[in-house]
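First the structure, in the form of structure tokens, and then the observations on it.
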Amino acid sequence: MTTYDFPQDLRDAQTALHRTRSEYEQYAQTLPWSAEPMPGWQADKQLHSDYRPSKPDSPGYTSEQHQQVAAFRKRLLDLSIKVSTHPFWQTLGPGLVVEGRMQLKHMDDQPETVAEAA
């Protein structure tokens with residue numbers, strides 16, 4: 001497998017994208033199940049089970065929550081564009097961009113080599 005020497009600004013953008021996505025997902029877990037006020041519901045009993053899927057009433061998002069979600073989505077879109085349109089990708093040969101992109105996505109998964117740690 002080819003190892004790519006990603007420019008630092010591209011690495012930083014990818015790291016920011018991962019971090020922002022994680023923060024957004026954590027924030028989303030604190031939100032009501034519906035962005036708009038909705039009544040709760042209970043479905044029919046599931047076959048071969050006593051489980052009855054249900055949701056409580058949702059008050060919907062507050063205006064602050066709507067703004068925060070919009071801010072996260074804008075930041076995610078901006079970072080995604082920055083990473084995917086970075087000039088580095090033009091330096092790769094045909095068929096190598098996908099491999100390079102996958103390597104960039106997982107650059108933090110790889111343990112440091114002895115030379116990098118020294």
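At least one side-chain heavy atom of P59 sits less than 4.5 Å from a side-chain heavy atom of P32.
D78 pairs by the salt bridge (Lys or Arg N to Asp or Glu O under 4.0 Å) definition with K74, not counting sequence neighbours.
For the residue pair R101 / Q14, a side-chain donor-acceptor distance below 3.5 Å is found, with atom types taken as modelled. Residues R75 and Y24 bring no donor and acceptor atom of their side chains to less than 3.5 Å of each other.
A salt bridge links E25 with R21: the closest approach of a Lys/Arg side-chain nitrogen to an acidic carboxylate oxygen falls below 4.0 angstrom.
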- Query: Would F72 and V69 satisfy side chain to side chain contact (heavy atoms under 4.5 Å, CB included), going step by step from the backbone distance to the final call?
  - Reply: CA-CA 5 Å; F72 271 120; V69 167; 5.8 Å; no
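The two residues L17 and S80 have their closest heavy-atom pair at CD1-OG, 3.7 Å. Shortest non-hydrogen contact noted between V83 and L104 is CG1-CD2, 4.0 Å. Between S58 and E36, the closest heavy-atom pair is OG-O, 4.1 Å.
Linking ILVMFWY residues whenever their side-chain heavy atoms come closer than 4.5 Å, directly or via other members, leaves M102 and V97 in distinct clusters.
A donor-acceptor contact shorter than 3.5 Å is absent between the side chain of S22 and the backbone of H18. A donor-acceptor pair under 3.5 Å is formed between the side chain of T62 and the backbone N or O of Q65. Between the S54 side chain and the Q42 main chain, no donor and acceptor come within less than 3.5 Å of each other. With hydrogens and angles ignored, the 3.5 Å screen pairs a side-chain donor or acceptor of Q103 with a backbone N or O of T2. Side-chain N or O atoms of D57 include none that pairs as donor or acceptor with a backbone N or O of P39 at under 3.5 Å.
Other residues sharing the hydrophobic cluster of L47, ordered by chain and number and joined by side-chain separations under 4.5 Å: none, the residue standing alone.
Aromatic ring pairs are classed by plane angle as parallel below 30°, tilted from 30° to 60° and perpendicular above 60°; the pair W33 and W41 is perpendicular.
From M107, atom CE reaches atom OG1 of T3 across 14.0 Å, with rounding to the nearest 0.5 Å. Taking CG of L77 as the reference point, atom NZ of K82 lies at 13.5 Å (rounded to 0.5 Å).
For residues 75-101, every residue pair satisfying the ring-ring contact (aromatic ring centres under 6.0 Å, His included) rule, not counting sequence neighbours, is listed here: F6-F88.
Sparse packing is recorded around NZ of K55, with 12 or fewer heavy atoms of other residues, nucleotides or ligands lying under 6.0 Å away.
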